[in-house]
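Have a look at the structure below, then the notes.
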Amino acid sequence: MGSLAMPLVVVLLSMFLIQTAFAGNFYQDFGNIWGGDRAKIMNNGQLMTLSLDQASGSGFQSKTQYMYGRFDMQMKLVPGDSAGTVTTFYMSSLGSGSTHYEIDMEFLGNSTGQPYLLHTNIFTQGQGNREQQFYLWFDPTHDFHTYSILWNPHSIIFSVDGRPIRQFKNLESNGIPYVKGQPMWLFASLWDAEDWATRGGLVKTDWSQAPFTAAYSNFNSQACVWPGTCSSTTSIGGSSWFNQELDVAGQQLIKWAQSRYMVYNYCTDHKRFSQGVPPECAFN
């Protein structure tokens with residue numbers, strides 16, 4: 001794994017500046033909280049913790065739907081032996097069949113001392129199977145780090161602490177479906193997925209370590225709220241995100257992250273896609 005002190009990365013990071021977003025409040029921005037007292041809002045709405053025990057997990061959902069936006073969430077993941085647990089920050093249309101769209105960031109727990117796996121996926125017209133997975137270059141349980149989803153008419157960009165790690169371009173002109181036409185909710189959750197989350201389900205959840213707890217803080221958004229029109233002049237919290245695309249510096253940061261920390265890419269899984277990888281792989 002590479003070092004963050006690399007001069008090239010420092011230069012590129014200084015060039016790839018991220019617009020500061022407007023702070024949210026968990027009381028104001030989120031509802032539909034599930035899991036009972038396993039979900040707690042604290043610090044005047046600036047912090048939420050989610051817990052998981054053998055009876056239930058917990059989670060929350062945005063009060064509004066969005067049609068494009070930039071969303072930042074600071075998270076501190078479950079410490080210690082987190083095998084079998086999944087901590088999430090994602091968007092979903094809650095549709096069925098061809099109306100289902102989703103943008104996923106899922107953090108797969110591991111045994112003590114082993115790294116977390118950041119699992120990303122994108123669903124368009126009910127079809128997913130676009131997974132890319134990354135190790136992180138820091139301990140995500142030690143402190144809060146910022147995880148971001150940028151979704152605009154040009155592309156979807158996943159970022160960690162302001163560093164882009166993945167881009168999914170709008171390639172409709174090439175006949176490839178894009179995430180559009182369906183407003184989406186924001187979600188976060190902590191749940192048990194011991195049947196697949198850690199080493200394909202080989203490592204199970206150790207319930208003697210429960211309750212497992214993750215924390216969310218400093219939610220920020222720049223977005224178009226649904227219903228309503230969406231353009232660079234109708235978004236809340238500023239408009240720079242609406243037309244944002246990766247420049248050369250941003251592309252170099254993605255190459256840096258993917259060359260050093262990517263551990264799975266569906267576009268190179270020729271065994272899984274024996275008839276040919278999905279068409280967007282030629283462009284993204």
- prompt: Counting N and O atoms only, with roles assigned by atom type, does the side chain of Gln65 sit under 3.5 Å from a partner on the main chain of Pro227, one being a donor and the other an acceptor?
  reply: no
- prompt: Could you give the distance from CG (Leu190) to CZ (Phe107), rounded to the nearest 0.5 Å?
  reply: 12.0 Å
- prompt: Are side-chain heavy atoms of Ser92 and His100 found at a separation under 4.5 Å?
  reply: yes
- prompt: Of Trp151, Trp226, Tyr66, which is the lone residue that meets side-chain contact (heavy atoms from CB on, under 4.5 Å) with Met184?
  reply: Trp151
task: For Ser58 and Ser51, test the side chains for any donor-to-acceptor distance below 3.5 angstrom and give the result as yes or no.
output: no
- prompt: Which distance, rounded to the nearest 0.5 Å, do you find between the CD of Gln252 and the CG of Asp247?
  reply: 10.0 Å
- line: Grouping ILVMFWY residues whenever side-chain heavy atoms fall under 4.5 Å, the cluster of Leu94 otherwise contains Tyr90, Trp185, Phe187
field: Close side-chain approach of Gln114 to Thr198, heavy-atom, < 4.5 Å
entry: no
field: Rounded distance [0.5 Å steps], CZ in Phe212 versus CG in Leu50
entry: 14.5 Å
Side chain to side chain contact (heavy atoms under 4.5 Å, CB included) evaluation trace for Thr141 with Tyr116: CA-CA 9 Å; Thr141 73; Tyr116 262 84; 3.7 Å; yes
- prompt: Mind checking whether Cys281 and Tyr266 have side chains closer than 4.5 Å, heavy atoms only?
  reply: yes
message: For Lys255, give me all partners under salt bridge (charged side-chain N to carboxylate O under 4.0 Å, His left out), at least two apart in sequence or on another chain.
response: none
field: Worked check of side chain to side chain contact (heavy atoms under 4.5 Å, CB included) between Asn218 and Gln46
entry: CA-CA 6 Å; Asn218 291 329; Gln46 298 304 305; 4.3 Å; yes
message: By the definition ring pair (Phe, Tyr, Trp, His ring centres under 6.0 Å), identify the one residue from Phe219, Tyr216, Phe71, Phe89 that meets it with Phe30.
response: Phe219
task: Look only at the side chain of Glu194 and the backbone of Thr205, and say whether a donor-acceptor pair between them is shorter than 3.5 Å.
output: yes
- prompt: In terms of side-chain heavy atoms, does Ser148 have a donor or acceptor partner in Asp72 at a distance below 3.5 Å?
  reply: yes
task: Check the hydrophobic clustering (I, L, V, M, F, W, Y; side-chain heavy atoms under 4.5 Å; chains of links allowed) and say if Leu47 and Tyr147 are grouped together.
output: no
field: Hphob cluster co-occupancy, Phe60 + Phe144, side-chain heavy atoms under 4.5 angstrom
entry: no
message: Assess the residue pair Gln258 and Gln132 against the criterion (side chain to side chain contact (heavy atoms under 4.5 Å, CB included)); give the C-alpha distance rounded to whole Å, side-chain angles, the decisive distance to 0.1 Å, and a yes or no.
response: CA-CA 9 Å; Gln258 296 190 352; Gln132 288 185 356; 3.5 Å; yes
Among Asn284, Ile156, Leu246, Ile176, the one residue meeting side-chain contact (heavy atoms from CB on, under 4.5 Å) with Lys169: Asn284
query: Any chance CG of Asn43 has more than 12 other-residue heavy atoms, nucleotides or ligands included, within less than 6.0 Å?
result: yes
query: Under a 4.5 Å cut-off applied to non-hydrogen side-chain atoms, are Leu186 and Asp29 in contact?
result: no
task: If the plane angle is over 60° it's perpendicular, under 30° parallel, otherwise tilted; pick one for Trp196 and Trp191.
output: tilted
query: When clusters are formed by joining ILVMFWY residues with side-chain heavy atoms under 4.5 Å apart, either directly or through shared neighbours, do Leu52 and Val203 land in the same one?
result: no
Leu77 side, atom CG; Leu118 side, atom CG - distance, nearest 0.5 Å: 9.0 Å
message: Quick check for you: to the nearest 0.5 Å, what is the distance between Ile122 atom CD1 and Phe158 atom CZ?
response: 4.5 Å
- prompt: How about Lys180: does its NZ atom have over 12 heavy atoms from other parts shown lying under 6.0 Å from it?
  reply: no
- line: Between Asn110 and Pro115, the two heavy atoms sitting closest are ND2-O, 3.0 Å
statement: Closest non-hydrogen contact found for Ser82 with Thr85 is O-OG1, 2.7 Å
message: So His119 and Leu117, do their side chains get closer than 4.5 Å, heavy atoms only?
response: no
message: If we check side chain to side chain donor-acceptor pair (under 3.5 Å) with Arg130, which of these qualifies: Asp104, Thr120, Asn121, Thr124?
response: Thr124
message: Pair Gln167, Gln251 - check side chain to side chain contact (heavy atoms under 4.5 Å, CB included), show working.
response: CA-CA 9 Å; Gln167 179 183 36; Gln251 294 288 355; 3.2 Å; yes
- prompt: Do you reckon Leu171 sits in the same ILVMFWY cluster as Phe123, going by side-chain contacts under 4.5 Å, direct or chained?
  reply: no
- request: Taking all non-hydrogen atoms of both residues into account, name the closest pair between Ala55 and Arg38 and its distance.
  value: CB-NH2, 3.6 Å
query: With side chains defined as the heavy atoms from C-beta onward, is the minimum distance between Asp143 and Phe138 less than 4.5 Å?
result: no
- prompt: Does any non-hydrogen side-chain atom of Trp137 lie less than 4.5 Å from one of Arg260?
  reply: no
- line: Taking every heavy atom of Ala83 against every heavy atom of Ser111, the minimum-distance pair comes out as CB-N, 4.0 Å
task: List for me each residue that meets side chain to side chain donor-acceptor pair (under 3.5 Å) alongside Ser274, sequence neighbours excluded, and say none if there are none.
output: none
- prompt: Closest approach of Ala193 and Val86, non-hydrogen atoms and distance?
  reply: CB-CG2, 3.6 Å
field: Rounded distance (nearest 0.5 Å) linking atom CG of Asp161 with atom NE2 of His145
entry: 5.5 Å
- prompt: Between the main-chain N or O of Tyr27 and the side-chain N or O of Lys63, is there a donor-acceptor pair closer than 3.5 Å?
  reply: yes
message: I'd like to know if the side chain of Ser93 and the backbone of Tyr101 have a donor-acceptor N/O pair within less than 3.5 Å.
response: yes
- prompt: Would you say Ser240 and Gln222 make side-chain contact, with heavy atoms under 4.5 Å?
  reply: yes
message: Pairing donors with acceptors under 3.5 angstrom, does anything connect the side chains of Tyr264 and Asp269?
response: yes
- request: Locate the shortest heavy-atom distance separating Ser159 from Gly162; write the atom from each residue and the value.
  value: CB-C, 4.3 Å
